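Proteins get letters first, then strands, A, B, ... in listed order; numbering begins at 1 in each. Model, not experiment: these values are computed from the prediction.
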2 protein chains.
Amino acid sequence: MRPTVHDIAASAGVSLATVDRVLNRRPGVRAVTRAKVEDAIETLGYVRDVAAANLAKSRIYPLVFIIPAGDNPFMRGLEAEIAAAGARSSADRTRVSILTVPAFDSMVLVEAIDKAVSEFPSGIAVVAVDAPEVAAAIERARLAGVPVVTLVSDLAASGRDHFVGIDNIAAGRTAGSLMGRFLGDRAGPVAVLAGSMLVRDHRERLQGFIAAMAEDFEPRVILDVLEGQDDPMLAEELVATCFNAHPDLAGIYSLGAGNRGLITAISAQGPRGIRVIAHELISHTRAALKAGLIDAVLHQDAGHEVRSAIRVLKAKADGVAVIEAQERIRIDIFLKDNLPLEQPGDLPDPSGQDD
Amino acid sequence: MRPTVHDIAASAGVSLATVDRVLNRRPGVRAVTRAKVEDAIETLGYVRDVAAANLAKSRIYPLVFIIPAGDNPFMRGLEAEIAAAGARSSADRTRVSILTVPAFDSMVLVEAIDKAVSEFPSGIAVVAVDAPEVAAAIERARLAGVPVVTLVSDLAASGRDHFVGIDNIAAGRTAGSLMGRFLGDRAGPVAVLAGSMLVRDHRERLQGFIAAMAEDFEPRVILDVLEGQDDPMLAEELVATCFNAHPDLAGIYSLGAGNRGLITAISAQGPRGIRVIAHELISHTRAALKAGLIDAVLHQDAGHEVRSAIRVLKAKADGVAVIEAQERIRIDIFLKDNLPLEQPGDLPDPSGQDD
DNA sequence: AATTTTCTGATTTACGTACATCAAAAATTC
DNA sequence: GAATTTTTGATGTACGTAAATCAGAAAATT
């Protein structure tokens with residue numbers, strides 16, 4: 001049996017109340033007594049029974065998720081996963097709420113963070129825009145004692161407690177490596193379609209992609225990045241223009257959420273054997289993968305990210321360690337041959353694959 | 001606040017004791033009264049607080065893992081992950097024990113299962129050999145009321161409650177698809193190195209590989225499968241012989257655990273531009289991937305599988321539902337560009353990436 | 001109607017921790 | 001050494017559920 005507070009008290013030769021004072025950092029314990037207790041805790045290997053503690057405290061963890069608004073399918077899938085986690089929330093003593101803010105707008109995001117902090121939640125998860133004022137807001141949250149994790153897109157030099165998301169440089173490198181191999185000897189330049197260079201994940205993917213292409217597949221021209229603002233119409237227009245300007249285009253890497261526009265533009269072209277690698281498995285990319293319009297899709301599992309964010313925030317709130325390996329988010333690579341089954345519960349988009 | 005048993009009792013107009021009898025299926029409740037209580041449960045949306053219940057029961061879950069012995073690095077990594085989960089076990093009220101049995105030996109496996117069942121654990125996780133006698137043993141476990149999950153390798157038509165592992169047909173298809181694309185126009189046959197056709201996962205990978213190659217990359221000869229029994233020496237010999245017999249060999253798919261032998265044989269050959277796809281990211285395949293000897297590694301995360309098996313067995317023991325998406329094991333695809341960092345804790349092998 | 005059997009209620013203890021209160025003891029200050 | 005302050009002990013209640021006991025009520029049987 002694992003030791004309890006009673007065992008600690010007996011072993012240290014003090015009362016239960018004193019043990020409690022030490023454990024919960026309550027005042028009124030002499031340093032020598034505290035040391036005795038901590039000694040007993042150490043030697044007996046006591047670990048607090050969190051379930052019992054939470055029961056006694058009847059504690060709940062209010063968590064706030066701040067994510068971009070708009071019709072970005074990945075973000076809507078993320079929102080659905082957050083809601084799904086919220087529906088299960090009674091089981092893990094957590095209550096999640098969702099705040100949506102306009103995409104790529106750091107000032108509104110800052111306001112949202114400050115507002116969330118003012119209600120002293122147990123933790124905040126935020127899809128960050130990479131700007132100094134956002135970092136400052138997160139720093140304020142930290143000072144207020146509210147743990148913050150960044151979700152999907154990270155933030156340079158901020159005090160966030162943890163980043164829940166994939167290694168986007170590695171994702172870009174992977175895309176580059178696959179693109180290089182898929183192209184083989186085929187000549188022609190490669191285009192890159194992004195959402196915005198204001199978000200760190202897009203910048204990092206681009207960086208990784210260019211680096212991998214340069215290292216291993218030398219004489220390959222990579223055209224200037226097309227910024228589609230994750231807007232289907234704009235993305236379609238940019239891609240179509242690019243097709244016209246470069247009849248010998250060999251491949252496209254779509255690293256943002258402009259996939260609907262991309263797919264429309266490709267379909268309109270007819271089969272030209274262009275290699276296409278995209279991000280996020282949603283209904284459109286899934287269909288395009290099956291149809292052979294897209295060769296590979298890199299993916300991050302929104303459900304896993306949400307559950308991971310919740311676990312991490314709870315752990316930070318309790319001041320306990322997380323299982324690092326469990327919280328590392330994978331870069332999933334999907335070909336048409338390893339598509340997961342579509343879940344009935346998947347509303348518009350999410351692919352439903354997880355930890 | 002979520003409703004408690006007291007609320008149910010009040011709402012149904014019965015006593016706490018009766019509610020308890022209904023909730024825990026104790027005898028001595030008339031059908032009409034039971035209906036009243038269940039009604040109240042339904043309308044109030046009561047869900048039992050598992051933490052409090054476990055506290056009251058001071059219940060622990062003894063779980064048994066039965067895995068192959070021998071120096072198969074993946075299995076040793078699995079064992080390490082089970083041990084790691086065991087070290088954390090106090091937190092989740094579980095106590096795991098490990099039984100190792102000779103690989104590919106169904107009779108010994110049957111004995112091990114029967115022995116485990118005889119001690120009435122809360123659940124059993126077993127790396128199955130696909131044989132009828134094993135299925136029968138699992139059926140006996142079921143009849144004894146012990147939940148069973150198969151781990152890594154599944155079992156045809158058995159009463160196992162759940163399979164924790166990847167979709168091996170999809171894994172084989174993915175390998176085929178990658179192989180086809182990586183080869184491009186390069187001529188020459190493709191070899192397949194397996195461990196044993198006695199385990200279902202190897203059979204299914206082969207099946208998927210052949211199917212994908214046949215469908216999408218038609219005129220490509222796939223040589224007869226080499227069965228290396230997951231033995232480094234034998235595997236090396238088989239591969240070397242194959243090299244000699246087929247100087248124009250274009251690719252190798254290693255779907256079992258014979259990677260050390262494979263890598264030795266490839267290194268001995270010098271650079272011949274053969275495309276190699278292997279399974280399981282362990283120290284050898286990781287090094288070979290970095291060195292360019294292997295092009296891609298398909299992987300299943302042992303840590304995730306162990307945690308998933310524990311979650312599922314606990315859920316089955318409690319008779320509650322699992323989060324399906326969380327328990328789906330991914331097929332990880334690693335290129336040299338998306339290798340996860342090596343964890344200091346990774347003893348010989350496991351790659352440490354998870355849910 | 002009397003008896004037996006089956007249900008139901010009331011109550012208590014327990015799980016491991018949190019938290020509050022009040023008294024007693026020890027240490028500190030003057 | 002007396003007064004004060006700080007530290008410690010003892011005790012009780014609470015969290016939500018499990019499980020047991022015993023008495024009493026209701027139903028079924030005779």
Salt-bridge contact D318(B)-R48(B) (side-chain N to carboxylate O under 4.0 Å):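 Here D318(B) does not pair with R48(B) in a salt bridge, since their nearest N and O are not under 4.0 Å apart.
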
Side chain of [X], backbone of [Y]: donor and acceptor closer than 3.5 Å?
X       : Y       : answer
R2(A)   : V47(A)  : yes
N24(A)  : D20(A)  : yes
T150(B) : L155(B) : no
T43(A)  : A40(A)  : yes
S308(A) : E305(A) : no

Sort me out a list of protein N/O and nucleotides 9-14 of chain D N/O pairs below 3.5 Å, or just none if empty.
from	atom 1	to	atom 2	distance (Å)
dG9(D)	OP2	S15(A)	N	2.7
dG9(D)	OP2	S15(A)	OG	3.2
dG9(D)	OP2	T18(A)	OG1	2.6
dG9(D)	O6	R21(A)	NH2	3.0

Specify the separation, in whole Å, of atom [atom1] of [X] and atom [atom2] of [N].
X      : N       : atom1 : atom2 : result
K57(B) : dA20(D) : NZ    : C1'   : 16 Å
N54(A) : dT17(D) : CG    : C1'   : 16 Å
R93(A) : dA18(C) : CZ    : P     : 13 Å
I41(B) : dT17(D) : CD1   : P     : 10 Å
L23(B) : dA19(D) : CG    : C1'   : 13 Å
K36(A) : dA26(C) : NZ    : P     : 12 Å
L44(B) : dG16(D) : CG    : C1'   : 15 Å
R34(A) : dT7(D)  : CZ    : P     : 10 Å

Looking at [N], I'd like to know if its phosphate oxygens (OP1 or OP2) sit under 4.0 Å from a side-chain N or O belonging to [X].
X      : N       : value
R30(A) : dA27(C) : yes
R26(B) : dA19(D) : yes
R48(A) : dA18(C) : yes

Residue mapping more 5' on DNA chain C - nearest nucleotide basis, V32(B) or D20(A):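 This one resolves to V32(B).
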
Nucleotide of dC19(C), dA19(D), dG16(D) approaching N24(B) most closely (side-chain heavy atoms):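 Among the listed nucleotides, the one closest to the side chain of N24(B) is dA19(D).
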
Nucleotide nearest L55(A) (side chain, heavy atoms from C-beta), chosen from dA18(C), dC15(D), dT17(D):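 My answer, after comparing the listed nucleotides, is dC15(D).
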
Enclosure of R95(B) CZ (heavy-atom neighbours >12, cutoff 6.0 Å):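 Result for CZ/R95(B): open.
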
